[in-house]
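Report on the structure given below.
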Amino acid sequence: MHDETKCLHSGYKPKNTEPRVMPVVQSTTYVFDSTDDIGEVFNDPTKNLIYSRFANPTVMAVEAKIADLEGGIGAMCTSSGQAACLLSILNLCSAGDSFISTSHIYGGTINLFAFTLKKQGIECIFVSADASEDEINAAFKENTKAVFGETLANPALSVLDIEKFAKAAHSHNVPLIIDNTFATPVLCKPFSHGADIVVHSTTKYMDGHALQVGGVIVDSGNFNWSNGNFPDFTGPDESYHGIAYTDTYGKSAYIIKARMQLMRDYGVYPAAHSAFLLNLGLETLAIRMERHCENGLKAARFLESQNAVESVMYPGLESNRYYGLAKKYLKGTGGVISFVIKGGKENAVRFMDALVLASNQVHVCDIRTCVLHPASATHRQLSDNQLTAAGINPGMVRLSVGLENINDIIDDLAQAFRSIAATA
Ligand SMILES: *Cc1c(COP(=O)(O)O)cnc(C)c1O
(Lines give C-alpha, C1' and ligand atoms only; values in the text may rest on other atoms or scores of the structure.)
Protein backbone atom coordinates (compact mmCIF):
# COMPACT_ATOMS: atom_id res chain seq x y z
CA MET A 1 0.00 0.00 0.00
CA HIS A 2 0.98 3.64 -0.45
CA ASP A 3 1.70 6.08 2.36
CA GLU A 4 -1.65 7.91 2.18
CA THR A 5 -3.39 4.56 2.71
CA LYS A 6 -1.02 3.37 5.44
CA CYS A 7 -1.52 6.66 7.31
CA LEU A 8 -5.22 5.87 7.54
CA HIS A 9 -5.33 2.10 7.87
CA SER A 10 -2.10 0.64 9.26
CA GLY A 11 -1.91 -0.44 12.87
CA TYR A 12 -5.58 -1.00 13.57
CA LYS A 13 -8.04 -3.16 11.65
CA PRO A 14 -11.40 -3.40 13.43
CA LYS A 15 -13.17 -6.74 13.28
CA ASN A 16 -16.91 -7.38 13.16
CA THR A 17 -18.76 -4.73 15.29
CA GLU A 18 -15.56 -3.28 16.76
CA PRO A 19 -15.16 0.53 16.88
CA ARG A 20 -14.16 2.22 13.60
CA VAL A 21 -11.57 4.31 15.47
CA MET A 22 -8.86 2.81 17.68
CA PRO A 23 -10.23 3.42 21.19
CA VAL A 24 -8.24 5.06 23.97
CA VAL A 25 -7.47 2.13 26.26
CA GLN A 26 -7.08 4.19 29.41
CA SER A 27 -5.88 1.52 31.81
CA THR A 28 -2.59 1.06 33.58
CA THR A 29 -3.06 -2.65 33.94
CA TYR A 30 -4.56 -5.84 32.49
CA VAL A 31 -6.42 -8.69 34.13
CA PHE A 32 -5.30 -12.35 34.09
CA ASP A 33 -7.20 -15.53 34.89
CA SER A 34 -4.50 -16.95 37.10
CA THR A 35 -1.18 -16.36 38.79
CA ASP A 36 0.33 -18.83 36.35
CA ASP A 37 -0.89 -16.74 33.41
CA ILE A 38 0.87 -13.72 34.90
CA GLY A 39 4.01 -15.78 35.45
CA GLU A 40 3.97 -16.69 31.76
CA VAL A 41 3.95 -13.03 30.73
CA PHE A 42 6.92 -12.36 32.96
CA ASN A 43 8.73 -15.19 31.20
CA ASP A 44 8.13 -13.50 27.87
CA PRO A 45 6.56 -10.04 28.04
CA THR A 46 6.17 -9.90 24.26
CA LYS A 47 3.40 -12.53 24.47
CA ASN A 48 0.82 -10.36 26.22
CA LEU A 49 0.13 -7.02 27.86
CA ILE A 50 1.49 -6.61 31.38
CA TYR A 51 1.45 -3.01 32.43
CA SER A 52 1.18 0.32 30.58
CA ARG A 53 4.80 1.26 31.24
CA PHE A 54 5.78 -1.46 28.72
CA ALA A 55 2.95 -1.37 26.23
CA ASN A 56 -0.64 -0.24 25.77
CA PRO A 57 -3.05 -1.18 22.96
CA THR A 58 -3.65 2.41 21.78
CA VAL A 59 0.08 3.17 21.74
CA MET A 60 0.81 -0.17 20.07
CA ALA A 61 -1.56 0.65 17.21
CA VAL A 62 0.42 3.85 16.58
CA GLU A 63 3.70 1.95 16.86
CA ALA A 64 2.54 -0.52 14.22
CA LYS A 65 1.44 2.32 11.91
CA ILE A 66 4.78 4.14 12.18
CA ALA A 67 6.75 0.90 11.72
CA ASP A 68 4.74 0.24 8.57
CA LEU A 69 5.29 3.77 7.23
CA GLU A 70 9.07 3.47 7.77
CA GLY A 71 9.20 -0.09 6.44
CA GLY A 72 10.53 -1.41 9.76
CA ILE A 73 9.73 -4.57 11.68
CA GLY A 74 8.82 -2.88 14.95
CA ALA A 75 8.60 0.44 16.77
CA MET A 76 8.44 1.75 20.32
CA CYS A 77 6.88 5.09 21.20
CA THR A 78 8.46 7.31 23.85
CA SER A 79 7.19 10.29 25.79
CA SER A 80 9.35 12.73 23.77
CA GLY A 81 11.75 12.90 20.86
CA GLN A 82 14.55 13.47 23.37
CA ALA A 83 13.68 10.17 25.04
CA ALA A 84 13.75 8.40 21.66
CA CYS A 85 17.24 9.77 20.89
CA LEU A 86 18.44 8.88 24.40
CA LEU A 87 17.16 5.29 24.37
CA SER A 88 18.32 4.68 20.80
CA ILE A 89 21.89 5.25 22.04
CA LEU A 90 21.57 3.64 25.49
CA ASN A 91 20.35 0.45 23.81
CA LEU A 92 23.84 0.18 22.24
CA CYS A 93 26.29 2.09 24.43
CA SER A 94 27.33 1.67 28.07
CA ALA A 95 29.87 3.64 30.10
CA GLY A 96 33.22 3.32 28.32
CA ASP A 97 31.69 3.21 24.81
CA SER A 98 31.59 5.92 22.18
CA PHE A 99 29.44 6.75 19.16
CA ILE A 100 29.77 9.12 16.22
CA SER A 101 27.27 11.87 15.44
CA THR A 102 27.21 14.60 12.83
CA SER A 103 27.32 18.08 14.31
CA HIS A 104 24.31 19.18 12.23
CA ILE A 105 21.69 18.00 14.70
CA TYR A 106 18.96 19.49 16.86
CA GLY A 107 20.30 21.69 19.71
CA GLY A 108 18.64 19.56 22.39
CA THR A 109 20.32 16.46 20.99
CA ILE A 110 23.70 18.23 21.07
CA ASN A 111 23.21 18.92 24.80
CA LEU A 112 22.22 15.30 25.39
CA PHE A 113 25.15 13.88 23.42
CA ALA A 114 27.91 16.35 24.32
CA PHE A 115 27.15 16.89 28.02
CA THR A 116 24.61 14.57 29.64
CA LEU A 117 25.77 11.30 28.05
CA LYS A 118 29.39 12.33 28.63
CA LYS A 119 28.70 12.54 32.37
CA GLN A 120 27.52 8.93 32.14
CA GLY A 121 30.76 7.83 30.52
CA ILE A 122 29.51 7.67 26.93
CA GLU A 123 31.55 9.72 24.49
CA CYS A 124 30.06 11.36 21.41
CA ILE A 125 32.56 11.95 18.60
CA PHE A 126 31.26 14.76 16.39
CA VAL A 127 31.98 14.85 12.65
CA SER A 128 30.80 17.30 10.02
CA ALA A 129 27.57 16.36 8.23
CA ASP A 130 29.57 16.97 5.03
CA ALA A 131 32.50 14.77 6.12
CA SER A 132 34.13 12.61 3.44
CA GLU A 133 34.10 8.83 3.74
CA ASP A 134 37.76 8.95 4.88
CA GLU A 135 36.97 11.54 7.54
CA ILE A 136 34.07 9.47 8.88
CA ASN A 137 36.19 6.31 8.91
CA ALA A 138 38.97 8.15 10.75
CA ALA A 139 36.57 9.11 13.56
CA PHE A 140 35.95 5.50 14.66
CA LYS A 141 37.54 4.13 17.83
CA GLU A 142 37.75 0.56 19.15
CA ASN A 143 34.76 1.24 21.40
CA THR A 144 32.51 2.97 18.84
CA LYS A 145 29.04 1.38 18.82
CA ALA A 146 26.87 3.54 16.53
CA VAL A 147 26.68 6.40 14.03
CA PHE A 148 23.95 9.06 14.29
CA GLY A 149 22.70 11.80 11.94
CA GLU A 150 19.59 13.77 10.88
CA THR A 151 18.07 13.30 7.41
CA LEU A 152 17.16 16.98 7.14
CA ALA A 153 18.92 18.78 9.97
CA ASN A 154 17.20 21.13 12.42
CA PRO A 155 17.94 24.07 12.00
CA ALA A 156 20.90 23.79 9.57
CA LEU A 157 18.63 22.24 6.88
CA SER A 158 21.52 20.24 5.47
CA VAL A 159 20.65 16.91 3.83
CA LEU A 160 22.60 13.89 5.05
CA ASP A 161 24.23 11.55 2.56
CA ILE A 162 22.67 8.55 4.30
CA GLU A 163 24.31 5.93 2.05
CA LYS A 164 27.79 7.31 2.74
CA PHE A 165 27.26 7.23 6.51
CA ALA A 166 25.65 3.76 6.34
CA LYS A 167 28.63 2.42 4.41
CA ALA A 168 31.10 3.80 6.98
CA ALA A 169 29.01 2.46 9.89
CA HIS A 170 28.64 -1.00 8.36
CA SER A 171 32.32 -1.27 7.47
CA HIS A 172 32.94 -0.92 11.23
CA ASN A 173 30.17 -3.37 12.16
CA VAL A 174 27.96 -0.78 13.85
CA PRO A 175 24.44 0.46 12.98
CA LEU A 176 23.42 3.81 11.53
CA ILE A 177 20.71 5.65 13.50
CA ILE A 178 18.82 8.35 11.60
CA ASP A 179 16.69 11.08 13.17
CA ASN A 180 14.05 11.40 10.44
CA THR A 181 11.93 14.04 12.21
CA PHE A 182 11.98 16.85 9.63
CA ALA A 183 11.62 14.54 6.62
CA THR A 184 9.02 12.15 8.11
CA PRO A 185 8.65 8.70 6.50
CA VAL A 186 6.58 10.40 3.81
CA LEU A 187 9.53 12.35 2.39
CA CYS A 188 12.33 9.89 3.16
CA LYS A 189 12.61 6.20 4.02
CA PRO A 190 16.08 5.92 5.58
CA PHE A 191 15.94 2.08 5.77
CA SER A 192 15.89 1.87 1.97
CA HIS A 193 19.22 3.75 1.97
CA GLY A 194 20.95 1.53 4.52
CA ALA A 195 19.97 3.05 7.87
CA ASP A 196 19.33 0.47 10.60
CA ILE A 197 17.40 2.41 13.24
CA VAL A 198 15.17 5.48 12.82
CA VAL A 199 14.09 7.89 15.54
CA HIS A 200 11.55 10.72 15.42
CA SER A 201 10.29 13.56 17.48
CA THR A 202 6.60 12.89 16.72
CA THR A 203 5.96 16.33 18.25
CA LYS A 204 6.71 17.89 14.86
CA TYR A 205 5.03 17.00 11.53
CA MET A 206 3.73 13.60 12.65
CA ASP A 207 1.50 15.22 15.25
CA GLY A 208 1.41 18.42 13.23
CA HIS A 209 -1.25 20.09 15.36
CA ALA A 210 1.02 21.06 18.29
CA LEU A 211 -1.03 18.88 20.67
CA GLN A 212 1.47 16.63 22.42
CA VAL A 213 5.18 15.97 22.79
CA GLY A 214 6.28 12.46 21.76
CA GLY A 215 8.90 10.30 20.09
CA VAL A 216 9.41 6.91 18.50
CA ILE A 217 12.21 4.45 17.73
CA VAL A 218 11.83 2.19 14.67
CA ASP A 219 13.88 -0.94 13.98
CA SER A 220 14.61 -2.03 10.39
CA GLY A 221 15.38 -5.56 11.54
CA ASN A 222 18.34 -5.57 9.13
CA PHE A 223 21.34 -5.20 11.41
CA ASN A 224 23.32 -8.28 12.39
CA TRP A 225 23.68 -7.97 16.17
CA SER A 226 25.60 -11.25 16.28
CA ASN A 227 28.70 -9.76 14.63
CA GLY A 228 30.67 -9.90 17.89
CA ASN A 229 30.37 -6.19 18.65
CA PHE A 230 27.20 -6.38 20.77
CA PRO A 231 27.55 -8.86 23.64
CA ASP A 232 24.50 -7.31 25.37
CA PHE A 233 22.41 -8.66 22.50
CA THR A 234 23.91 -12.12 22.26
CA GLY A 235 24.80 -12.81 25.89
CA PRO A 236 22.48 -13.53 28.81
CA ASP A 237 20.59 -10.54 30.27
CA GLU A 238 20.93 -10.93 34.03
CA SER A 239 18.02 -8.56 34.56
CA TYR A 240 15.75 -10.82 32.50
CA HIS A 241 16.38 -14.38 33.72
CA GLY A 242 19.33 -14.79 31.38
CA ILE A 243 17.53 -14.16 28.10
CA ALA A 244 19.73 -13.71 24.97
CA TYR A 245 17.89 -11.26 22.72
CA THR A 246 19.29 -12.45 19.40
CA ASP A 247 18.49 -16.10 20.22
CA THR A 248 14.95 -15.44 21.43
CA TYR A 249 13.83 -12.55 19.22
CA GLY A 250 16.03 -12.82 16.12
CA LYS A 251 15.60 -9.82 13.84
CA SER A 252 13.56 -7.91 16.46
CA ALA A 253 16.34 -8.09 19.07
CA TYR A 254 17.03 -4.32 19.13
CA ILE A 255 13.49 -3.05 19.55
CA ILE A 256 12.48 -5.76 22.04
CA LYS A 257 15.61 -5.20 24.13
CA ALA A 258 14.81 -1.46 24.14
CA ARG A 259 11.37 -2.19 25.55
CA MET A 260 12.28 -4.95 27.98
CA GLN A 261 15.34 -3.29 29.50
CA LEU A 262 15.14 0.43 28.87
CA MET A 263 11.42 1.14 28.87
CA ARG A 264 11.07 -1.07 31.93
CA ASP A 265 13.79 0.87 33.77
CA TYR A 266 13.51 4.44 32.46
CA GLY A 267 9.72 4.44 32.14
CA VAL A 268 9.29 6.99 29.35
CA TYR A 269 6.21 5.44 27.69
CA PRO A 270 3.54 7.81 26.36
CA ALA A 271 0.00 7.92 27.70
CA ALA A 272 -2.74 6.23 25.67
CA HIS A 273 -4.49 9.53 25.11
CA SER A 274 -1.32 11.09 23.68
CA ALA A 275 -1.04 8.21 21.23
CA PHE A 276 -4.69 8.68 20.26
CA LEU A 277 -3.98 12.34 19.43
CA LEU A 278 -0.78 11.43 17.59
CA ASN A 279 -2.78 8.99 15.48
CA LEU A 280 -5.14 11.77 14.38
CA GLY A 281 -2.11 13.67 13.11
CA LEU A 282 -0.67 10.60 11.39
CA GLU A 283 -3.92 9.99 9.49
CA THR A 284 -3.35 13.10 7.37
CA LEU A 285 0.48 13.17 7.43
CA ALA A 286 1.01 12.17 3.80
CA ILE A 287 -1.35 14.75 2.34
CA ARG A 288 -0.22 17.46 4.77
CA MET A 289 3.43 16.95 3.79
CA GLU A 290 2.60 17.55 0.11
CA ARG A 291 1.23 20.98 0.95
CA HIS A 292 4.02 21.81 3.42
CA CYS A 293 6.54 21.09 0.63
CA GLU A 294 4.61 23.11 -1.95
CA ASN A 295 4.19 26.10 0.38
CA GLY A 296 7.77 25.78 1.65
CA LEU A 297 9.24 25.96 -1.86
CA LYS A 298 7.08 28.96 -2.83
CA ALA A 299 8.00 30.80 0.37
CA ALA A 300 11.71 30.00 -0.12
CA ARG A 301 11.58 31.34 -3.71
CA PHE A 302 9.88 34.49 -2.45
CA LEU A 303 12.51 35.00 0.26
CA GLU A 304 15.31 34.46 -2.27
CA SER A 305 13.87 37.28 -4.37
CA GLN A 306 13.94 39.82 -1.53
CA ASN A 307 16.64 42.50 -1.37
CA ALA A 308 16.46 42.51 2.43
CA VAL A 309 17.49 38.83 2.53
CA GLU A 310 21.16 37.93 2.57
CA SER A 311 20.78 34.15 2.16
CA VAL A 312 18.17 31.39 2.21
CA MET A 313 18.82 27.86 3.44
CA TYR A 314 16.29 25.50 1.85
CA PRO A 315 17.43 22.38 0.00
CA GLY A 316 14.53 22.59 -2.44
CA LEU A 317 16.15 25.64 -4.09
CA GLU A 318 18.37 24.90 -7.10
CA SER A 319 20.94 27.34 -5.64
CA ASN A 320 21.25 25.31 -2.42
CA ARG A 321 24.37 23.20 -1.89
CA TYR A 322 22.22 20.24 -0.76
CA TYR A 323 19.88 20.36 -3.77
CA GLY A 324 21.44 17.24 -5.32
CA LEU A 325 21.24 15.24 -2.08
CA ALA A 326 17.67 16.43 -1.57
CA LYS A 327 16.75 15.18 -5.05
CA LYS A 328 18.33 11.81 -4.23
CA TYR A 329 16.92 11.23 -0.73
CA LEU A 330 13.76 13.34 -0.36
CA LYS A 331 10.37 13.34 -2.08
CA GLY A 332 10.06 16.99 -1.07
CA THR A 333 11.93 19.35 1.21
CA GLY A 334 9.26 20.21 3.79
CA GLY A 335 8.16 23.55 5.15
CA VAL A 336 11.11 24.68 7.26
CA ILE A 337 13.35 27.45 5.89
CA SER A 338 16.24 29.21 7.59
CA PHE A 339 17.16 32.60 6.17
CA VAL A 340 19.41 35.50 7.09
CA ILE A 341 18.14 39.06 7.04
CA LYS A 342 20.57 41.86 6.18
CA GLY A 343 21.28 44.10 9.15
CA GLY A 344 21.84 41.36 11.73
CA LYS A 345 19.92 40.57 14.87
CA GLU A 346 18.23 43.96 15.15
CA ASN A 347 16.56 43.69 11.74
CA ALA A 348 15.67 40.03 12.24
CA VAL A 349 13.86 40.87 15.46
CA ARG A 350 12.06 43.84 13.89
CA PHE A 351 11.01 41.66 10.95
CA MET A 352 9.67 38.94 13.19
CA ASP A 353 7.80 41.33 15.45
CA ALA A 354 6.15 42.83 12.36
CA LEU A 355 4.70 39.48 11.27
CA VAL A 356 0.96 39.18 11.87
CA LEU A 357 -0.06 35.74 10.61
CA ALA A 358 3.14 33.87 11.55
CA SER A 359 3.41 33.44 15.29
CA ASN A 360 6.56 33.60 17.39
CA GLN A 361 6.85 30.27 19.15
CA VAL A 362 9.31 27.64 20.34
CA HIS A 363 8.04 25.07 17.90
CA VAL A 364 8.52 23.97 14.32
CA CYS A 365 6.71 21.79 11.75
CA ASP A 366 3.31 23.00 12.89
CA ILE A 367 0.26 23.22 10.60
CA ARG A 368 0.27 26.97 11.44
CA THR A 369 3.10 29.14 10.14
CA CYS A 370 5.52 30.07 12.89
CA VAL A 371 8.95 31.65 13.32
CA LEU A 372 11.80 31.44 15.79
CA HIS A 373 14.85 33.67 16.11
CA PRO A 374 17.61 31.30 17.31
CA ALA A 375 19.85 34.19 18.47
CA SER A 376 17.11 35.48 20.82
CA ALA A 377 15.73 32.12 21.93
CA THR A 378 17.54 28.78 21.80
CA HIS A 379 20.98 30.45 21.53
CA ARG A 380 20.19 33.57 23.54
CA GLN A 381 23.09 33.28 25.97
CA LEU A 382 25.71 33.65 23.21
CA SER A 383 27.43 36.88 22.14
CA ASP A 384 27.45 37.80 18.42
CA ASN A 385 30.95 36.33 18.11
CA GLN A 386 29.95 33.10 19.82
CA LEU A 387 26.85 32.84 17.62
CA THR A 388 29.01 33.04 14.50
CA ALA A 389 31.31 30.33 15.90
CA ALA A 390 28.27 28.11 16.52
CA GLY A 391 27.22 28.58 12.89
CA ILE A 392 24.24 30.72 13.85
CA ASN A 393 24.06 34.04 12.09
CA PRO A 394 22.55 36.71 14.41
CA GLY A 395 20.24 37.68 11.55
CA MET A 396 18.99 34.12 11.01
CA VAL A 397 15.27 33.45 11.19
CA ARG A 398 13.81 29.93 11.17
CA LEU A 399 10.50 29.99 9.37
CA SER A 400 8.17 26.99 9.56
CA VAL A 401 5.69 27.30 6.72
CA GLY A 402 2.24 26.00 7.59
CA LEU A 403 -0.85 25.01 5.67
CA GLU A 404 -2.46 28.45 5.33
CA ASN A 405 -3.00 29.68 1.77
CA ILE A 406 0.48 30.48 0.44
CA ASN A 407 -0.63 33.93 -0.78
CA ASP A 408 -1.57 34.87 2.79
CA ILE A 409 1.77 33.58 4.08
CA ILE A 410 3.72 35.54 1.45
CA ASP A 411 1.60 38.68 2.01
CA ASP A 412 2.51 38.50 5.69
CA LEU A 413 6.23 38.16 4.91
CA ALA A 414 6.01 40.98 2.35
CA GLN A 415 4.33 43.42 4.74
CA ALA A 416 6.96 42.64 7.40
CA PHE A 417 9.76 43.41 4.89
CA ARG A 418 8.02 46.68 3.97
CA SER A 419 7.72 47.57 7.61
CA ILE A 420 11.43 47.12 8.36
CA ALA A 421 12.34 49.03 5.17
CA ALA A 422 10.09 51.91 6.20
CA THR A 423 11.61 52.24 9.67
CA ALA A 424 15.22 51.62 8.55
C1 LIG B 1 12.40 18.54 18.36
C2 LIG B 1 13.40 17.56 17.94
C3 LIG B 1 13.89 16.59 18.83
C4 LIG B 1 13.44 16.50 20.26
O5 LIG B 1 12.09 16.14 20.30
P6 LIG B 1 11.07 16.52 21.50
O7 LIG B 1 9.83 15.86 21.06
O8 LIG B 1 11.01 18.02 21.56
O9 LIG B 1 11.64 15.95 22.75
C10 LIG B 1 14.81 15.67 18.34
N11 LIG B 1 15.25 15.73 17.07
C12 LIG B 1 14.81 16.67 16.20
C13 LIG B 1 15.34 16.70 14.80
C14 LIG B 1 13.88 17.63 16.60
O15 LIG B 1 13.46 18.56 15.73
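FYI, side chains are in, hydrogens and waters are out, and symmetry mates aren't considered; it's all heavy atoms of this structure. The first residue of the sequence shown is numbered 1, and numbering continues consecutively from there.
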Qualifying residues under side-chain hydrogen bond (donor to acceptor under 3.5 Å, both in side chains), relative to Glu63, sequence neighbours excluded: Arg259, Tyr269
Short side-chain to backbone donor-acceptor contact, Tyr240 and Asp44, under 3.5 Å: no
N/O donor-acceptor pair under 3.5 Å between Asp97 side chain and Lys145 backbone: no
Check: Lys118 side chain, Ala114 main-chain N or O, donor-acceptor pair, under 3.5 Å: no
CD on Glu404 to CG on Leu357, rounded to 0.5 Å: 5.0 Å
CD1-CG distance between Ile197 and Asp219, expressed to the nearest 0.5 angstrom: 4.0 Å
Shortest non-hydrogen separation from Pro190 to Glu70 and the atoms involved: CD-OE1, 3.4 Å
Minimum heavy-atom distance Tyr12-Val21, with the two atoms named: CE2-C, 3.6 Å
Nearest heavy-atom neighbours spanning Asp179 and Cys85: OD2-SG, 3.9 Å
Flag, side chain of His373 to backbone of Pro394, donor-acceptor distance under 3.5 Å: yes
Side chains of Ile66 and Met206 in contact at under 4.5 Å (non-hydrogen atoms): yes
Residues, nucleotides or ligands: over 12 heavy atoms within 6.0 Å of Asn405 CG: yes
N/O donor-acceptor pair under 3.5 Å between Tyr254 side chain and Ser88 backbone: yes
NZ (Lys13) with more than 12 external heavy atoms under 6.0 Å: yes
Under 3.5 Å: donor-acceptor pair, side chain of Ser359, backbone of Cys370: no
Side-chain donor or acceptor of Asn56 paired with backbone N/O of Val25 under 3.5 Å: yes
For Glu163, salt bridge (Lys or Arg N to Asp or Glu O under 4.0 Å) partners two or more places apart: Lys328
Exercise: identify the closest heavy-atom pair between Met289 and Ala183: CE-O, 4.3 Å
Under 3.5 Å side-chain donor-acceptor pair for Asp196 and His170: yes
For Ser52, side-chain hydrogen bond (donor to acceptor under 3.5 Å, both in side chains) partners two or more places apart: Tyr30
Test: Lys167 and Glu133 ion pair at under 4.0 Å: yes
Under 3.5 Å: donor-acceptor pair, side chain of Arg288, backbone of Tyr205: yes
Donor-acceptor contact present, side-chain Lys65 to main-chain Lys6, <3.5 Å: no
By side-chain hydrogen bond (donor to acceptor under 3.5 Å, both in side chains) - contacts of Gln261 (at least two apart): Asp237, Lys257
Check: Ala286 main-chain N/O paired with Asp3 side-chain donor or acceptor under 3.5 Å: no
Shortest non-hydrogen separation from Ala348 to Gly395 and the atoms involved: CB-O, 3.7 Å
Spacing of CZ belonging to Phe32 relative to CD1 belonging to Ile38, to within rounding of 0.5 Å: 5.5 Å
Student check: side-chain heavy atoms of Leu152 and Leu187 closer than 4.5 Å: no
Side chains of Thr333 and Tyr314, donor plus acceptor under 3.5 Å: yes
From Arg398 atom CZ to Leu157 atom CG, the distance as rounded to the nearest 0.5 Å: 9.0 Å
Atom pair CE (Met313) and CG (Asn320), whose distance is rounded to the nearest 0.5 Å: 9.0 Å
pair His273-Thr58: side-chain heavy atoms closer than 4.5 Å: no
Verdict with supporting geometry, Thr151 and Phe182, side-chain contact (heavy atoms from CB on, under 4.5 Å): CA-CA 7 Å; Thr151 314; Phe182 267 32; over 6 Å; no
Heavy-atom side-chain contact between Phe113 and Ile89 under 4.5 Å: yes
Other residues, nucleotides, ligands: >12 heavy atoms within 6.0 Å of Arg291 CZ: no
Closest non-hydrogen atom pair between Lys345 and Ala375, with its separation: NZ-O, 4.0 Å
His241 atom NE2: more than 12 heavy-atom contacts under 6.0 Å: yes
Thr202 and Asp207, any side-chain heavy atoms less than 4.5 Å apart: no
For Ser103, all residues meeting side-chain contact (heavy atoms from CB on, under 4.5 Å), sequence neighbours excluded: Phe126
Residue pair Leu92 / Phe233, side-chain heavy-atom distance below 4.5 Å: yes
Results of side-chain hydrogen bond (donor to acceptor under 3.5 Å, both in side chains) for Glu4 - residues two or more places apart only: none
side-chain contact (heavy atoms from CB on, under 4.5 Å) between Thr181 and Thr203, worked out: CA-CA 9 Å; Thr181 297; Thr203 316; over 6 Å; no
Leu117 and Leu90: CA distance, side-chain angles, deciding distance, side-chain contact (heavy atoms from CB on, under 4.5 Å) verdict: CA-CA 9 Å; Leu117 284 180; Leu90 290 186; 4.0 Å; yes
Separation of Leu413 CG from Asp408 CG (nearest 0.5 Å): 11.0 Å
4.5 Å side-chain heavy-atom contact, His104 and Glu150: no
Exceeds 12 heavy-atom contacts within 6.0 angstrom, atom CZ of Phe302: yes
Stepwise side-chain contact (heavy atoms from CB on, under 4.5 Å) test for Val199 and Phe148: CA-CA 10 Å; Val199 295; Phe148 186 100; 4.2 Å; yes
Pair Asp36, Ser34: side-chain N/O donor-acceptor within cut-off below 3.5 Å: no
Side chain proximity check, Ser400 to His363, heavy atoms < 4.5 angstrom: no
